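A short worksheet on the structure shown next.
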Amino acid sequence: MEAKEIQTDILIIGGGTAGCFAGITLGEYRDIDVLIVEKANVKRSGCLAAGVNAINAYITEGKTPQDYVNYAKRDAEGIVREDLLLTMSERLNRVTEHMEKLGLVILKDDQGKYVARGDRNIKINGENIKPILAKAAARQKNVKILNHVNITDFIVENNRIKGAYGFHVDQPICYTIYANAVICGTGGAAGLYRPNNPGFSRHKIWYPPFNTGAGYSMGIRAGAEMTTFEMRFIALRCKDTIAPTGTIAQGVSAEQINGQGENYEDKYGLTTSQRVYGTVEENRKGRGPCYLKTKGITKEQEEDLYKAYLNMAPSQTLKWIETGKGPSQENVEVEGSEPYIVGGHTASGYWVDTKRQTTIQGLFAAGDVAGGCPQKYVTGALAEGEIAAEAAAEFHRANPYEPVKKDTRKKKQKEYEAYLKNDRAVLTTGQLEETMQKVMDQYAGGISTNYQYSEGKLRMADEKIMLLLELSRHLAARDMDGLLRIYELRERLVVCQVLIAHLLGRKETRWHSFAENTTYPEKSEDGMVYVNSKLKNGKIEILYRELVTGGKVYEHTDTAE
Amino acid sequence: MSIQIQQNKCTGCGQCIEACPGNLIKRGEGGKAWIRHIRDCWGCTSCLKECRFGAICFYLGADIGGRGSTLTVRKEGDVNIWSITDREGRLQQIRVDQKKANQY
């Protein structure tokens with residue numbers, strides 16, 4: 001394996017929504033060298049690969065950023081960081097205008113104002129939103145992009161970030177990248193639980209299957225504090241294609257009905273988790289299948305839905321046309337997805353301050369990997385990319401570069417090479433991945449148990465995931481692609497381990513479906529805290545932190561322990 | 001659900017290999033592209049959009065309702081022209097103007 005070294009001022013890991021926008025923001029700081037490292041190619045990588053149908057986080061006329069904070073807080077039953085939500089919300093409209101300047105098509109009325117869809121949404125054509133972002137990032141003179149390199153570890157000494165290790169996904173090259181500040185924008189974690197379609201279409205899931213929780217795993221192993229992993233995200237989606245439902249629900253005002261044709265929307269509440277729970281319950285009580293009632297919409301509406309889905313989830317349009325029954329003739333069946341860990345929808349992720357600095361000095365987090373700030377969607381990830389970029393630049397200017405004291409390059413290279421040299425493996429990466437998904441499904445609240453789990457089952461899950469982590473050390477890689485798949489699996493296993501600890505840590509059921517604990521089926525007063533965690537001496541320690549609410553702002557005070 | 005790369009149309013330009021967000025497409029012997037992880041396609045259709053030779057089509061697996069139709073896309077100016085061909089060879093096209101915002 002060839003070894004390459006790169007030196008930069010600010011390293012951005014992950015060239016997705018937050019990472020690209022951080023790059024664009026840092027383009028203003030011409031004296032700072034910036035490197036974006038991306039596992040695939042920035043042009044279509046991450047959540048926006050297929051496009052997006054609407055901007056779902058926007059402060060529409062007559063509303064304020066504080067209204068958005070209140071909405072997100074209500075939806076999460078209080079477990080949010082209000083300081084993070086407010087600092088994000090204040091930037092939502094500005095980053096939207098920035099995207100329009102870069103070329104995003106946004107629907108406007110006669111007076112040149114954006115046309116709202118509901119309270120917080122505006123209408124766009126988002127099919128090419130990722131190429132627009134990637135192109136703008138690449139245009140910045142001080143920003144370089146390194147595609148097809150997978151980062152596996154941070155370099156951290158005395159709780160201070162110094163760079164990262166990784167390897168090329170096709171060529172036998174390992175990288176050591178030294179940096180004074182690092183922005184982690186690797187996204188959330190999918191593929192932890194057995195998916196809706198476990199066979200041939202196992203990757204027809206909602207969240208990108210290539211977001212494997214790399215950033216969480218790196219941070220956890222480096223001792224960074226994480227928050228609220230137990231607030232899993234489960235999406236209510238179109239059956240089989242797992243395509244978004246909001247476009248139908250809001251676009252043609254489709255009601256949620258059960259198999260008997262009854263509207264069950266108001267029966268279980270209207271928060272994101274309650275909408276999923278309602279569908280689960282209706283099915284459990286024998287009143288399924290559940291649908292979005294679209295039968296009877298006009299042909300024109302149907303055509304518009306075909307186009308809208310081609311701009312973000314083409315499988316759904318293909319399915320409608322292929323079966324010969326569009327939504328005007330047949331209601332759209334809905335189901336809950338498998339659970340994901342994703343800080344752009346719920347509050348799971350790095351524990352950060354308002355500048356999005358993690359508990360590791362010089363390491364910032366933005367987008368789905370950053371915790372405490374749910375309902376980010378695209379514009380929230382852009383806003384956090386901007387906040388983290390400004391803060392990383394400030395950090396870089398205020399702190400001189402500290403060279404690495406202990407050289408561990410050779411050790412890391414040997415770790416990679418051991419998988420490539422191993423010729424004694426019997427078990428495969430694919431087998432262990434399926435086993436992990438089975439364990440999580442059955443013992444940690446997957447689809448097959450209606451998302452429910454008990455303390456006893458979680459303890460079983462923990463034991464089994466620990467064993468899989470050990471077994472994964474002995475896997476073999478035929479080539480660099482095989483090596484990538486091993487590291488993706490190991491990242492997921494670390495995320496599973498921490499997720500289980502968090503599920504055990506919240507001794508209540510605050511959110512149906514998202515964290516449905518049958519040992520503690522009720523909401524508890526004691527639950528009004530954040531469940532945080534840290535890896536210490538190989539053990540995950542759970543710590544409870546007081547809520548940051550009512551205009552208070554959290555700053556790290558105990559980072560350097 | 002996955003993609004099919006027609007070897008007679010593939011020129012080996014490598015654009016799909018470059019674009020796939022999951023690094024699922026590789027260069028085979030003879031330099032042409034092939035999908036190494038056929039079950040791991042997310043369905044984003046990035047590769048279809050990148051291919052200038054119309055060599056890649058997208059289809060739904062039978063497990064999620066696929067009945068043998070294929071989907072391709074090509075760009076004409078600001079318009080994406082999506083073509084769905086069913087298993088009997090019947091063609092249906094949908095034109096989506098990229099300068100127009102979604103109605104929903």
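Everything quoted here is computed from the prediction, not taken from an experiment. Every chain is numbered from 1 and lettered A, B, ... according to where its sequence line falls, protein lines coming before strand lines.
- Interface summary for chain B: among A/Glu38, A/Gln301, A/Lys239, A/Lys39, the most heavy-atom pairs under 4.5 angstrom belong to A/Gln301.
- With rounding to the nearest 0.5 Å, the separation of OG1 in A/Thr323 from CZ in B/Arg67 is 5.5 Å.
- The residues B/Arg39 and A/Glu434 are annotated as salt-bridged, a charged nitrogen and a carboxylate oxygen being separated by less than 4.0 angstrom.
- Around CD of B/Gln4, the count of heavy atoms belonging to other residues, nucleotides or ligands within 6.0 Å does not exceed 12.
- Both the backbone and the side chain of A/Asn53 come within less than 4.5 Å of a heavy atom of chain B.
- Minimum heavy-atom separation, B/Arg36 to A/Gly482: NH2-N, 4.4 Å.
- Shown here for B/Pro21 and A/Ala40, the closest heavy-atom pair between the two residues is O-CB, 3.4 Å.
- When heavy atoms are compared at a cutoff of 4.5 Å, A/Lys108 does not approach chain B at all.
- For chain B, the option among A/Ala50, A/Gly51, A/Ala313 with the highest count of heavy-atom pairs below 4.5 Å is A/Ala50.
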Show, in sequence, the C-alpha distance, side-chain angles and deciding distance for A/Phe210 and B/Asn23, and conclude whether the side chain to side chain contact (heavy atoms under 4.5 Å, CB included) test is met.
CA-CA 9 Å; A/Phe210 319 119; B/Asn23 293 301; over 6 Å; no
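- For A/Arg117, the part sitting under 4.5 Å from any heavy atom of chain B is the side chain, from C-beta outward, and nothing else.
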Where do B/Leu60 and A/Lys319 land on the side chain to side chain contact (heavy atoms under 4.5 Å, CB included) test, with the steps shown first?
CA-CA 8 Å; B/Leu60 301 180; A/Lys319 188 165 185 199; 3.7 Å; yes
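- Chosen from B/Arg27, B/Arg87, B/Gln92, the residue pairing most often with chain A at heavy-atom distances under 4.5 Å is B/Gln92.
- Distance OG1/A/Thr317 to CD1/B/Ile84: 7.0 Å, rounded to 0.5 Å.
- In this structure, B/Glu18 does not pair ionically with A/Lys43, as no charged nitrogen and carboxylate oxygen lie closer than 4.0 Å.
- One distance of note links OG of A/Ser201 with OH of B/Tyr59; it measures 8.5 Å at 0.5 Å rounding.
- Ion pair A/Asp170/B/Lys26 flagged as a salt bridge, since at least one NZ, NE, NH1 or NH2 atom sits closer than 4.0 Å to an Asp/Glu carboxylate oxygen.
- Contact of A/Leu305 with chain B is made through backbone and side chain together, with heavy-atom distances under 4.5 Å.
- In this structure, chain B has a heavy atom under 4.5 Å from the side chain of A/Asp479, while its backbone stays farther away.
- For B/Ile17, the part lying under 4.5 angstrom from a heavy atom of chain A is the backbone only.
- Between chain B and the options A/Val105, A/Val42, A/Asn147, heavy-atom pairs under 4.5 Å are most frequent for A/Val105.
- Proximity to chain B (any heavy atom under 4.5 Å) is shown, for A/Leu310, by both the backbone and the side chain.
- Options B/Gln98, B/Lys99, B/Gln103 differ in how many heavy-atom pairs under 4.5 Å they form with chain A, and the most are formed by B/Gln98.
- Side-chain polar atoms of A/Asn125 and B/Asn102 form no donor-acceptor pair below 3.5 angstrom.
- Annotation for A/Ala49 and B/Trp42: closest pair CB-CZ3, 3.8 Å, computed over non-hydrogen atoms.
- For A/Cys238, no part lies under 4.5 angstrom from a heavy atom of chain B.
- Heavy-atom pairs under 4.5 Å with chain B were tallied for A/Gln250, A/Glu322, A/Arg485; the largest tally goes to A/Glu322.
- With chain B as partner, the option from A/Pro208, A/Gly199, A/Ser45 having the largest number of non-hydrogen pairs under 4.5 angstrom is A/Pro208.
- A/Arg202 has a carboxylate O that lies under 4.0 Å from a charged side-chain N of B/Asp40, or vice versa, which qualifies the two as a salt bridge.
- Rounding to the nearest 0.5 Å places CH2 of B/Trp82 at 10.0 Å from CG of A/Leu318.
- The residues B/Lys100 and A/Asp304 are annotated as not salt-bridged, no charged nitrogen and carboxylate oxygen being separated by less than 4.0 angstrom.
- To the nearest 0.5 Å, atoms SG (B/Cys41) and NZ (A/Lys204) are separated by 7.5 Å.
- With a 4.5 Å cut-off on non-hydrogen atoms, A/Glu488 does not touch chain B at all.
- When heavy atoms are compared at a cutoff of 4.5 Å, A/Tyr207 approaches chain B solely by way of its backbone atoms N, CA, C and O.
- For chain A, the nearby part of B/Asn80 is the side chain; its heavy atoms alone come within less than 4.5 Å.
- In terms of heavy-atom pairs under 4.5 angstrom with chain B, the leader among A/Thr247, A/Asn311, A/Asn197, A/Leu107 is A/Asn311.
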